[in-house]
Amino acid sequence: MARILVVEDDPALSRGVMALLKSSGHAADWARDGETAMRYASADPCSLFIVDIGLPGISGFEVIRKLRGRGCRTPILVLTARDQVSDRVQGLDLGADDYLLKPFNASELSARVRALLRREHGDPNPVISAGSLTVDRAHATAVVAGRTLQLRPREWAVLVCLVTRAGEVVSKRALLAEVYSYDDEVAPNALEVHVARLRRQLEPDGPPIRTMRGLGYLLDPS
Ligand code: CA
């Protein structure tokens, strides 16, 4: 659904955030310091950065400054234990889009992530339809002709990716990048398995997912 980079040095907190993101179908990667974050950010584009301010080595402020300095426009959500107004102001002034104070509530983090990703996609409306399929990204539900689909997180991620670009061919590479993290072991036919299960869920009255040989997949809204 989206590739998210979590820049946070606290392993327990990072694990919690990553688990939350993955359960929502995102591909989450973890950088425990600013230098690693900058390396990851150069390697592959991501849809959102979640950045802690207090990091070993370069601070979260510096990470934001560097990202924006190189022209990166990806949304940045700042996590900070500091409740100083000046820190929040500095983070936002450097180009962060939103902030969350620790300790935070999991549902609030999820809601802020969803809002930033919708903005990133230039689409503030959480509900998308294609034919008889309606996908509600705010509530993570997909309904075909009154029937709610039972989807695993990665199937959900693939479906959202296809439905937001309904009628267009989405490459396998793009889908895999949205669904898996760098360190995930990906079986060679993983995507085919997700798509096969999605097709079974969409049948008989949902929009078909067409295989465009050598190109990728297309969700046909007509
Ligand atoms: Ca920290």
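Note that ligands are numbered from 1 as they come in the structure, with each ligand's atoms numbered from 1 the same way. Quantities reported herein were computed from a predicted structural model and do not represent experimental measurements.
E203 and R199 are not joined by a salt bridge, as no carboxylate oxygen comes within less than 4.0 angstrom of a charged side-chain nitrogen. The pair K66-E35 fails the salt-bridge criterion, with no side-chain N (NZ, NE, NH1 or NH2) lying under 4.0 Å from an Asp/Glu carboxylate O. Taking 4.0 Å as the cut-off between side-chain N and carboxylate O, K102 and D10 do not count as a salt-bridged pair. Taking the charged nitrogens against the carboxylate oxygens, D97 and R68 do have a contact shorter than 4.0 Å, which makes a salt bridge.
With a 4.5 Å cut-off on side-chain heavy atoms, I4 and I50 count as touching.
Around the Ca ion (ligand 1), the protein atoms of type N, O or S that sit closer than 3.0 Å are D9 OD1, D52 OD2, G54 O.
At most 12 non-hydrogen atoms from other residues, nucleotides or ligands lie less than 6.0 angstrom from CZ of R73.
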